[in-house]
Every structure is written in C-alpha cells, then in structure tokens.
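Note sheet for the following structure.
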2 protein chains.
Amino acid sequence: MGRPRGFDEEAVTAAAAALFAARAYDGVGVDDLVQQLGVHRNSLYKTFGSKRGLYLVALRWYSRHVLVPLADRLATGADTERCIADLVGRNDLDLLLLAAVERAPADAEVASVVAETLQLLQRALDRASADRGRITLSEILGERLRARAVFAPSDDDSVD
Amino acid sequence: MGRPRGFDEEAVTAAAAALFAARAYDGVGVDDLVQQLGVHRNSLYKTFGSKRGLYLVALRWYSRHVLVPLADRLATGADTERCIADLVGRNDLDLLLLAAVERAPADAEVASVVAETLQLLQRALDRASADRGRITLSEILGERLRARAVFAPSDDDSVD
DNA sequence: CGCATTTAGGAACGATCGTTCTTGACTGAT
DNA sequence: ATCAGTCAAGAACGATCGTTCCTAAATGCG
C-alpha cells in the first residue's frame, strides 16, 4: 500500500559512499546528497534518519560490498601483487582512510566499523602473504594515503 | 604607534595547529579558534586574512617547527627506533595525516605543503635507515593512522 | 471508485558557518 | 595634551548547515 518509492535504496547507499569517499564528512552537504543521489530530502530522512545515519549505512555497505570482496580475493593468495596494486592505485580504500582519520576519533560507531574492517583486511593479508610475507597493511594504507594526498579538482567544482 | 597586540602570533599559530590536528578542518569553527586561542575575531582576520589563511600558516609552521626537527633527529641515525616509536605513538603526525587525506585533494596549496613535508620525512628516513633499512615512511604513516582510528572523546565535548 | 498510506516536491525552520562592521579603549609620536 | 593609528570587544551580516513541516501526487486495498 502507498506510493512505491522511486529510488533504489542500495544504489543510493553506494552513491553516498562514493560521495563520502571523495570529500570529508562535513564537506558533503545534505544538498549535495539530495542532488547527486536523486533522492529528495524527505525520502532520505525517512529512510536513513539523518545525515549521520546515511553515513553509517554507507560506511557499513562499503565495508561489506567493497572491502570484504577485496579481502576475500586477497585471502586466496592468487594475484596478491595485483590486489595490492589495486588497493594503492584505485580509490577503494579512500572511504576507510577518511573514516579512520577524520570520523573515528569523534564517532564511536564509526570507530567500531573501522576497527572491524581493519581487522578483516589484516586477516586477509596475513593469509595471503603467509609465505610471501613482505608488505604490511599499514604500508598499504600509508601508500594509498600518499597517493591521495595530491590536489585533484573534483568534477563538481564548476557546477552552479 | 597604535596599541600593541595582546597575543603572541606564534603561540596562536601553534595552538591553531593543535586544533586542526585534533578535528577536521570543517569541524573547527572560527568560534572555536577565537575561544581557544584567546585572539578575537578582528585580530585573527587582520593577521591571517581568513580561516584558510590561518590554516595554511599553521600547517607550514607545524611542518617547519614540529616535523623538520623530528626529521633532523631521525636523519642523524641515532635513536632511530625511539624516533619511529614516537611518530607512531604520539600525535605529531596527525595534522599531516588530516591535511593529506582531507584537505590536499581539495586545496592545491595544502597539497603542495604536504608533498614537501612528505619528501622531507622520506629523505630523513632514507638517511636514517640506510643501514638498518626496514621500515618505510608509508608504514609509519599507516601505523599512525591506525593508532588514530579509535574513538577518543575530545576534552571540549562537555564544554558549554 | 474512494480511503488509507507512502512518496515526491519544496518551502521554511532555527542554528551555525565564515566574514565584516561599529564602537570604544589603549598607545606612540608630535 | 592631542591626534593618528592599532587593537579589543562584540553585534550583525548573508549564506549555508541539518532538519522539519506542509501539500500534492501516486499507489494497494476495501
């Protein structure tokens, strides 16, 4: 009963995760979310409760649907180098980096998700490099941090 | 001529660096700065031009007066382990981490300072561990990131 | 067909953001 | 002592923040 929702909740969650990975939490306004996600304010607050609620859902979705598969692929031990190169070269780790540095110190729930996700990656890496054991998770995180630490004008800087 | 200023510019810069190291850039309001630095709005804008201006001055001051000495101590090669343990265990790296992850992608000048500072640390570490060469700068950054990724209720959360 | 219910679309809220302006107090040079 | 010039103190600005409210449109069920 009632009018059916005109958006895919998971797609919105994924898009929110992408936004929060590109900018800092406080740098992403609800207006940005509404505009880029195609969901309107009311639906957003009805579905996720608050901006922080959406952030937490997006963070958990990202951990489960982006990093867990990546950790699984890593844990098999095949293509380890390729996996690590992807982690450093692509932006898959960015939301985790931002959450760890910026939100976790101020938000216990975020800190909890970050801790679990880090453990997850740690175990996968331990398994992957049980024999080849050279690179550490810290080093991967540091490498990605350095790769991210460059000025990269975002696409919507020229948007009205 | 004129009334002499009632604050120490360098002390204010250092205090601002500490604030920006604890919270994210957007998480530190001008009100926070005014309140915790003891400087009043007018003086702050007269001296530093803007919030971003103060941030840049604080970041450069921090690079020069905190990380450069630390890099020098590291480059001597004496007490290398102690130096690294300090980098990971204390919060000396935090402003650099935040600047790298959060501000650099959105601010070219910040990115420039971060890049120079990272090079600085890299060279110092290269010199320090020319013989013992084990830990990388990326690993130190990653270690500190993980150490920071815990919920740490800040002192002024209970302040009115 | 209506009735109940949920969504979409925006206007609007108070609060806070970074910044500027106004006013008065203080000091150094004439 | 007086005047110019700087600083302190805080009110006030428009803009934007996260959030809520109101109204109209769209569906499943009787």
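Quick caveat, the model's predicted, so the values are computed rather than measured. Letters A, B, ... mirror the listed sequences (proteins, then strands); counts begin at 1.
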In this structure, how many angstroms lie between the [atom2] atom of [N] and the [atom1] atom of [X], rounded?
X	N	atom1	atom2	answer
B:Leu54	C:dG18	CG	P	11 Å
B:Lys46	D:dA9	NZ	P	17 Å
B:Arg23	C:dC17	CZ	P	10 Å
B:Asp32	C:dG18	CG	C1'	12 Å
A:Leu44	D:dT19	CG	P	10 Å
B:Asp26	D:dT16	CG	P	14 Å
A:Tyr25	D:dC17	OH	P	13 Å
A:Phe48	C:dT7	CZ	P	12 Å

Q.
I'd like to know if the side chain of B:Asp32 and the backbone of B:Gly29 have a donor-acceptor N/O pair within less than 3.5 Å.
A. yes
Q. Between A:Ser63 (side chain) and A:Leu59 (backbone), is there a donor-acceptor pair under 3.5 Å?
A. no
[X] side chain, from C-beta outward: closest of [options]:
X	options	answer
A:Arg5	C:dG18, C:dT7, D:dG18	C:dT7
A:Tyr45	C:dT19, D:dT19, C:dT7	D:dT19
A:His40	D:dT20, C:dG9, C:dT7	C:dG9

Q.
Pick the closest DNA chain D nucleotide for A:Gly27 and for B:Phe7 by heavy atoms, then say which residue is nearer the 5' end.
A. B:Phe7
Check nucleotides 11-14 of chain D against the protein and report each pair of N or O atoms closer than 3.5 Å, with its distance, or say if there are none.
none

Q.
Do B:Leu125 and B:Val68 sit in one hydrophobic cluster, given that two such residues count as connected whenever their side-chain heavy atoms are within less than 4.5 Å of each other, even indirectly?
A. no
Q) Are A:Leu120 and A:Leu87 connected in a single hydrophobic cluster, I mean Ile/Leu/Val/Met/Phe/Trp/Tyr linked by side-chain heavy atoms less than 4.5 Å apart? A) no
Q. Would you say A:Arg5 and A:Val12 make side-chain contact, with heavy atoms under 4.5 Å?
A. no
Q: Select base, sugar-phosphate, or nothing to describe what A:Val34 touches, counting heavy atoms under 4.0 Å on all strands.
A: nothing
Q | Touch class at under 4.0 angstrom, heavy-atom based, for B:Val39 against every strand present | A | nothing
Q: Determine which pairs satisfy salt bridge (Lys or Arg N to Asp or Glu O under 4.0 Å) with at least one residue from residues 46-59 of chain A, sequence neighbours left out, and list them in order.
A: A:Arg52-A:Asp107, A:Arg52-A:Glu109
**Q.** Pairing residues for A:Tyr62 by the ring pair (Phe, Tyr, Trp, His ring centres under 6.0 Å) criterion, not counting sequence neighbours
**A.** none
Q) Do the side chain of A:Asn42 and the base of D:dT19 come within less than 3.5 angstrom through a donor-acceptor pair of N or O atoms? A) no
